Amino acid sequence: MEILKINNLTKVYSSYKGAKEVTALDGISFTVNKSEFVGIMGPSGSGKTTLLNILSGVDKSTSGETIIDNQNISKLKKDNLALFRRKNIGYIFQDFNLLDSLDVKENISLPLILDKKCPDEIEKRVDNLMRFFNIENLGKKYPYNISGGQKQRVAAARALINDPKIIFADEPTGNLDSKSANTIMNTISKMNNEINSTVLMVTHDPFAASFCKRIIFIKDGKVKMEITSDGDRKRFFDKILEVQSVIGGEN
Ligand SMILES: Nc1ncnc2c1ncn2[C@@H]1O[C@H](COP(=O)(O)OP(=O)(O)OP(=O)(O)O)[C@@H](O)[C@H]1O
Ligand SMILES: [Mg+2]
């Protein structure tokens, strides 16, 4: 079942103060099916952030369509788009985006509180997810009192709390040491394998990408190549390095 479909997406940043027009996305099309874990890789400037901003509704494309769960979000007006995002999309950001004035449990609950769910249901869902991510002892702590890897797991729990159709992860290992990077990638894999979450992740990092099941390489705003994993992470990692050496994107 298709969860995400993008059709011939283009993004042209118009010229500004003498700077030239930039075609950041030049006719990108691909689909992501339910329960897939797809990575987007490509050299600096290839259009990864632009793509994620459009997919998540932060920015508008110049042309083309973005369809999430059969809804063409390119056509939604601002308020409906915001509501659609809150109900259907989960985000894991590079810098966590946790609120320092709320404790861990409150941070995870926030999307449900905004959605006016009943307190019993909130309690139950939050407890389940905290157990799932092994952070059940951190509920009363504040973000500034927990480690980077723990913060990422809190962010993952918050991303899942609404039972989203798809999760967008933006460089989730970007700010982490290698041990925490390993923890968060295992966490995302666990979400994908055990609760069938559909994940689309943008990353520079071949280690993080090796956890994906499929990777789409983009360059100059176009899809250049696609590779799939046979399940052996080490082998997939080597394959990623090989493609990067041809396409670029090691930085
Ligand atoms: N707001 C903007 N105005 C004009 N040009 C932009 C804007 N944002 C991005 N660009 C240009 O669009 C192209 C794609 O940029 P984008 O940020 O999507 O790349 P990226 O793949 O995320 O790169 P990185 O790996 O360095 O984060 C680049 O040429 C960039 O300079
Ligand atoms: Mg970027």
Side-chain angles (χ1 to χ4, degrees), residues 4-32 37-66 68 73-74 78 81 85 89-97 148 152 155-156 159 166-178 180-181 184-185 188 199-212 214-227 236-237 239-251:
L4 170 71
K5 186 175 176 64
I6 66 172
N7 271 334
N8 216 357
L9 211 59
T10 68
K11 175 71 184 181
V12 180
Y13 291 109
S14 50
S15 48
Y16 178 65
K17 286 194 175 164
K20 278 217 301 225
E21 215 176 65
V22 176
T23 301
L25 298 179
D26 193 7
I28 287 202
S29 304
F30 62 83
T31 59
V32 176
F37 181 6
V38 175
I40 302 282
M41 298 190 85
S44 182
S46 59
K48 300 180 299 295
T49 298
T50 303
L51 177 65
L52 206 64
N53 284 344
I54 292 170
L55 294 186
S56 56
V58 173
D59 201 356
K60 289 265 182 213
S61 60
T62 305
S63 65
E65 300 175 318
T66 304
I68 297 177
I73 69 160
S74 336
K78 205 170 157 219
L81 180 61
R85 287 170 62 190
I89 303 176
Y91 300 93
I92 300 176
F93 302 93
Q94 179 173 357
D95 51 4
F96 319 121
N97 275 23
Q152 264 309 21
I166 188 163
I167 300 198
F168 293 129
D170 186 10
E171 298 278 4
T173 59
N175 283 334
L176 301 176
D177 57 68
S178 61
S180 302
I184 186 61
M185 289 320 302
I188 295 177
V199 184
L200 183 79
M201 173 178 82
V202 168
T203 186
H204 271 109
D205 176 7
F207 169 77
S210 69
F211 286 79
C212 295
R214 176 160 70 102
I215 296 175
I216 296 168
F217 288 88
I218 65 175
K219 188 178 183 178
D220 303 327
K222 294 189 179 78
V223 173
K224 282 286 163 196
M225 194 170 174
E226 221 183 281
I227 56 174
F236 200 39
F237 179 80
K239 207 166 162 179
I240 293 163
L241 293 184
E242 222 169 278
V243 176
Q244 275 195 327
S245 71
V246 179
I247 292 185
E250 301 84 348
N251 53 338

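Everything numeric in this text was worked out from a predicted model, so none of it was measured. All ligand and atom numbering here is 1-based and tracks the order in the structure. Quick note: residue numbers are just sequence positions, from 1.
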Pro172 backbone acceptor or donor facing Gln152 side chain under 3.5 Å: yes

Check Asn7, Leu51, Leu9 against Phe30 for a side chain to side chain contact (heavy atoms under 4.5 Å, CB included) and give me the one that passes. Leu51

Minimum distance, heavy atoms only, to atom 24 (P) of ligand 1: which one of Ser44, Ser15, Gly42 is it? Ser44

With a cut-off of 4.0 Å, which atoms of ligand 1 are near a heavy atom of Val22? 11 (C), 12 (O), 29 (O)

Who's closest to atom 28 (C) of ligand 1 heavy-atom-wise, of Gly174, Ala24, Gly45, Gly221? Gly45

Which of the protein's N, O or S atoms come within less than 2.8 Å of the Mg ion (ligand 2), not counting waters? Thr49 OG1

Excluding sequence neighbours, so at least two apart, what forms ring-ring contact (aromatic ring centres under 6.0 Å, His included) with Tyr13? none

Could you tell me if any non-hydrogen atom of Gly47 lies under 4.0 Å from any atom of ligand 1? yes

Which donor-acceptor pairs under 3.5 Å do side chains of residues 22-29 form with protein atoms, sequence neighbours excluded?
{"from": "Asp26", "atom 1": "OD2", "to": "Lys222", "atom 2": "NZ", "distance (Å)": "2.9"}
{"from": "Ser29", "atom 1": "OG", "to": "Asn8", "atom 2": "N", "distance (Å)": "2.8"}

For ligand 1, which atoms sit closer than 4.0 Å to a heavy atom of Ser46? 19 (O), 21 (O)

Candidate pair Val58 and Arg85, rule side-chain contact (heavy atoms from CB on, under 4.5 Å), full reasoning: CA-CA 10 Å; Val58 173; Arg85 287 170 62 190; 3.9 Å; yes

Residue-ligand contact Pro43/ligand 1, heavy atom below 4.0 Å: yes

For His204, does its backbone N or O pair with a side-chain atom of Glu171 as donor and acceptor, under 3.5 Å? yes

For His204, counting its heavy atoms only, list the atoms of ligand 1 lying under 4.0 Å from any of them. 25 (O)

Between Thr49 and ligand 1, which residue portion shows a heavy-atom distance shorter than 4.0 Å: side chain, backbone, both, or neither? both

Not counting sequence neighbours, which residues clear ring-ring contact (aromatic ring centres under 6.0 Å, His included) with Phe211? List them please. Phe207

Could you please spell out the steps behind the side-chain contact (heavy atoms from CB on, under 4.5 Å) verdict for Val202 and Thr49? CA-CA 8 Å; Val202 168; Thr49 298; 5.6 Å; no

side-chain contact (heavy atoms from CB on, under 4.5 Å) evaluation trace for Asp170 with Tyr91: CA-CA 8 Å; Asp170 186 10; Tyr91 300 93; over 6 Å; no

Would you call Lys11 a ligand 1 contact, heavy-atom distance under 4.0 Å? no

Between the side chain of Lys48 and the main-chain N/O of Pro43, is any donor-acceptor distance below 3.5 Å? yes

